[in-house]
2 protein chains.
Amino acid sequence: MPPVARNDPAVPRDEELRQGIEMMFFAYRDFTAEPDAILTDYGFGRAHHRVIYFVGRYPDCSVSALLGILQITKQSLNRVLGQLVREGFIHQSRGQRDRRQRLLQLTRKGRELEATLTATQRARFARAYRAAGAEAVAGFRQVILGLMSSDVDRERFERTTA
Amino acid sequence: MPPVARNDPAVPRDEELRQGIEMMFFAYRDFTAEPDAILTDYGFGRAHHRVIYFVGRYPDCSVSALLGILQITKQSLNRVLGQLVREGFIHQSRGQRDRRQRLLQLTRKGRELEATLTATQRARFARAYRAAGAEAVAGFRQVILGLMSSDVDRERFERTTA
DNA sequence: AAAATTATGTCAACTATGCTGACTTAAATT
DNA sequence: AATTTAAGTCAGCATAGTTGACATAATTTT
């Protein structure tokens, strides 16, 4: 019989999982620090970054689509979205198919800020991916997709996962 | 300014890096959702969770050590730490070597709450790790360590990385 | 055509969690 | 003895989330 009892006893298992929890905390803390610092110069915060990022990523997305991504309330979103519209970073247009919808696009100014913010996070991922190598990146993707609660969100990444 | 080459390998590269950014957002959003919901019943928030978690993880840690981990101000920490001490989740004791220090420990009540909160995140990691397999987990660890800014934090995970 | 639902927006009030700046106390170090 | 360090405190402020109630316009259902 092969020594298949490779399942670790409870203690090392707990240690492994706790390290996962902590790595998530430290990585996310550092991942958000640079954009946060830049946003301060604009009088914006992390919530503005999220809106700018996802509007750039999904042009012409509706307000409710954005609410589905961010999972915050309409009132919370409207506060930051309203600022971004008033200050000329985001433009709203009526939906063709459904005229109740306000479809969101970045303006030129919005695209510039998006690029500035995303550059820091892209550089961070580029460094981490290059240092770890393609195989590690595939493993990272598998695990981080597994951490998500919803297939709806996992499906956003299907194109390159398969 | 030179025109952007359509078949520039930088374009899929950008897509790959953006997916990393977004996976980080979705995973962290879901990773924090369950503890946040539990904490509401105690009148606590995510900041309390962090303190309880790291005091449990590093028993007898000093206030300044905790500040170094959380990277927030003393004033922000003291608000939540004070609540946790007053409500009997954390106990403070004078340092032996340096009597200025207040070393932090979880009380029984604190350990119970810590266990409840951590259970949800541990289960999430257990699912993701099991589904992805040991090799993917190794890749995940490499990448997420690479995302951190500081060697000081990376070294927290060295024991099992090497 | 009327009724119901949906998409969006708004007002008000509240909570949590971060920040800066100024200041104190006690202990350790120089 | 003077300085630095660890911790705590007070006051005020900003960001970003929450709930609840309500309004308007457009679409869908009956």
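Convention: sequence-line order gives letters A, B, ...; per-chain numbering from 1. In what follows, every heavy atom counts, from backbone to side chain, and hydrogens, waters and symmetry copies are set aside.
- When the C1' atoms of four end pairs are superposed on the next four at each end of the helix from C:dA1-D:dT30 to C:dT30-D:dA1, using five pairs per end, the two resulting axes differ in direction by 30°, to 10°.
- Interface residues of residues 23-46 of chain A facing DNA chain D, ordered by number: A:Gly43, A:Gly45, A:Arg46; criterion, heavy-atom separation under 4.0 Å.
- B:Ala115 is linked by a side chain to side chain contact (heavy atoms under 4.5 Å, CB included) to nothing, counting only residues two or more places apart in sequence or in another chain.
- A:Thr116 meets the side chain to side chain donor-acceptor pair (under 3.5 Å) test with no other residue; sequence neighbours excluded.
- Residues that satisfy the side chain to side chain donor-acceptor pair (under 3.5 Å) test with B:Asp98, not counting sequence neighbours, are B:Arg100.
- Annotation: side chain to side chain contact (heavy atoms under 4.5 Å, CB included) contacts of B:Val137 (sequence neighbours excluded): A:Glu16, A:Val143, B:Tyr129, B:Arg141.
- Contacts of residues 67-85 of chain B with DNA chain D (heavy atom under 4.0 Å): B:Lys74, B:Gln75, B:Asn78.
- With sequence neighbours excluded, the residues that form a ring-ring contact (aromatic ring centres under 6.0 Å, His included) with A:Phe25 are B:Phe54.
- Residues in residues 68-106 of chain A take part in these ring pair (Phe, Tyr, Trp, His ring centres under 6.0 Å) pairs, two or more places apart or across chains: A:Phe44-A:Phe89.
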Can you name the atoms? Protein N/O to nucleotides 28-30 of chain C N/O, anything below 3.5 Å, with the distance.
unit_1, atom_1, unit_2, atom_2, d
C:dA28, OP1, B:Arg99, N, 3.0

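- Partners of A:Glu135 by salt bridge (charged side-chain N to carboxylate O under 4.0 Å, His left out), not counting sequence neighbours: none found.
- Applying the side-chain hydrogen bond (donor to acceptor under 3.5 Å, both in side chains) test to every pair with at least one member in residues 78-89 of chain B, sequence neighbours left out, gives these pairs: B:His48-B:Gln83.
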